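We count residues from 1, following the sequence as given. Every value quoted in this text rests on a predicted model; they were computed, and no experiment measured them.
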Amino acid sequence: MLRFYSRIPIPRLPFETDPHAIPDFTSAPRMLPLAGLLIGLPAALMLWIAATLGLPALVAATLAIATAVLVTGAFHEDGLADTFDGLGGGWTVERRLEIMKDSRIGTYGGAALLLALILRITAVAALVDEAGIWITAAIILAAAPLSRCIGLVPITLLPPVRADGVSSAAGRPSLLLLAGLIAFSLAIAIALTVTAGAAVQGVIVGAVLGLALAALMTAWAWRAIKGQTGDIAGACQQGGEIAVYLGLLVSL
């Protein structure tokens, strides 16, 4: 899961026949909460280093989010942009899927990507100002696994729309597995933020908001293309991450 979701260099393990194969999402997501922690760690460390050096909160937040984007190779951001371009710009299922597969970015995707980055950066900066470095670093770390488990909502609830797509080849987690992953990642998030000194209700509010956004995105995908793609999952992850930050903000 770590290799699939990030650009972190991982040596080939002895039991792997094809290290770059698409993971089996019927079972592999069991490791997603732990992989998410490792993916979120560089951004949390960058925030702590930048803020400790005395950089303004907005600069530290920008560096932290830039690190998060670099670690994943803009994996989820690409999905967000493709989702809004396709679902917002096409008139038929075929045309929407064609737009989503196009590597070029359009107005809807560009606007969604820009707004998402602004929300992530300003929310993190506001958390630094309101809650301090340690709590904000813990929130960044907590949001990484929780948002990626939220990103599995459309993959679990909807059939893959392309028979030859990555989502189809990866398989679909069960509802029971999804529920367990969200519960586990939420427990991790609560432990991290409470240990750092934040209120537990902020994490819960963020998780509920993130799941609500994922449900809306899933419903939109069903109405627009009668299924899901990996791009839809990426959009849900971005919404989930923003939701965690906002949940903590409104609870301070």
Side-chain angles (χ1 to χ4, degrees), residues 1 4-6 22-37 39-40 68 72 75-88 93 96-97 100 109 112-113 116 119-120 142-162 165-190 203-247:
M1 296 306 291
F4 179 77
Y5 275 94
S6 76
I22 299 170
D24 180 3
F25 271 70
T26 62
S27 58
R30 291 188 179 93
M31 300 303 297
L32 186 54
L34 298 180
L37 281 175
I39 292 169
T72 64
F75 184 55
H76 307 293
E77 290 80 3
D78 179 68
L80 176 73
D82 286 345
T83 294
F84 276 82
D85 268 341
L87 302 191
V93 172
R96 286 166 184 151
L97 292 174
M100 291 174 74
L113 181 58
L119 277 171
R120 291 164 71 192
L146 183 54
S147 64
R148 282 164 179 82
C149 291
I150 289 173
L152 296 178
V153 168
I155 296 177
T156 302
L157 298 181
L158 298 180
V161 73
R162 293 191 184 99
V166 172
S167 181
S168 179
R172 297 166 63 187
S174 67
L175 276 172
L176 182 61
L177 177 56
L178 176 65
L181 289 171
I182 291 174
F184 183 33
S185 61
L186 180 58
I188 292 172
I190 289 172
V203 181
I204 296 173
V205 169
V208 170
L209 179 58
L211 287 169
L213 289 173
L216 288 173
M217 184 64 67
T218 300
W220 187 23
W222 175 250
R223 181 178 178 182
I225 58 175
K226 301 302 179 188
Q228 49 82 12
T229 69
D231 290 329
I232 309 296
C236 288
Q237 184 280 327
Q238 291 283 282
E241 182 178 331
I242 292 168
V244 173
Y245 299 153
L246 296 183

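- Considering every non-hydrogen atom in both P154 and G151, the closest pair reads CD-O, 3.4 Å.
- Listed by chain and number, the residues in a side chain to side chain donor-acceptor pair (under 3.5 Å) with S185 amount to none (sequence neighbours excluded).
- By the side-chain contact (heavy atoms from CB on, under 4.5 Å) test, F75 is found to be paired with F4, Y5, T72, residues two or more places apart in sequence or in another chain being considered.
- Residue pairs meeting the salt bridge (charged side-chain N to carboxylate O under 4.0 Å, His left out) criterion with at least one member in residues 210-239: none, sequence neighbours excluded.
- L32 contributes atom CG, which lies 4.5 Å from atom SG of C149 (distance to the nearest 0.5 angstrom).
- Take A144 and apply the side-chain contact (heavy atoms from CB on, under 4.5 Å) test, not counting sequence neighbours, and it matches R148.
- Inter-residue side-chain proximity for L186 and V203 is flagged as met; some heavy-atom pair is nearer than 4.5 Å.
- Contact detail for L80 and A112: the closest heavy-atom pair is CD2-O, 3.7 Å.
- For A189 against L146, the heavy-atom pair with the smallest separation is CB-CD2, 4.4 Å.
- Take W222 and apply the ring-ring contact (aromatic ring centres under 6.0 Å, His included) test, not counting sequence neighbours, and it matches no residue.
- Taking all atoms of both residues into account, the shortest heavy-atom contact from V205 to G247 is CG1-CA, 3.9 Å.
- Remark: R120 engages E77, Q238, E241 in a side chain to side chain donor-acceptor pair (under 3.5 Å) (not counting sequence neighbours).
- Residues L113 and F84 form no side-chain contact, since every pair of their non-hydrogen atoms from C-beta on lies 4.5 Å or further apart.
- Between L177 and R30 the shortest side-chain heavy-atom distance falls below 4.5 Å.
- The two residues R172 and P160 come nearest to each other via the heavy atoms CD-CD, 3.9 Å.
- Applying the side-chain contact (heavy atoms from CB on, under 4.5 Å) test to L176 and every residue at least two apart in sequence or in another chain returns S174.
- A search for ring-ring contact (aromatic ring centres under 6.0 Å, His included) contacts involving F184 returns nothing, not counting sequence neighbours.
- Here the shortest heavy-atom pairing between P33 and L181 reads CD-CD2, 3.7 Å.
- The structure places CZ of R96 at 13.0 Å from OG1 of T83, a figure rounded to the nearest 0.5 Å.
- Taken to the nearest 0.5 Å, the NE2 atom of H76 stands 6.5 Å off from the OG atom of S147.
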Show me the side-chain donor-acceptor pairs of residues 206-218 shorter than 3.5 Å, one per line, residues at least two apart or across chains.
{"unit_1": "T218", "atom_1": "OG1", "unit_2": "A214", "atom_2": "O", "d": "2.7"}

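- Considering only heavy atoms from C-beta on, I232 comes within 4.5 Å of M100 through its side chain.
- Side-chain contact between I155 and L178 is absent, with no heavy atoms from C-beta onward closer than 4.5 Å.
- A search for ring-ring contact (aromatic ring centres under 6.0 Å, His included) contacts involving Y245 returns nothing, not counting sequence neighbours.
- With sequence neighbours left out, V93 forms a side-chain contact (heavy atoms from CB on, under 4.5 Å) with L97, I225.
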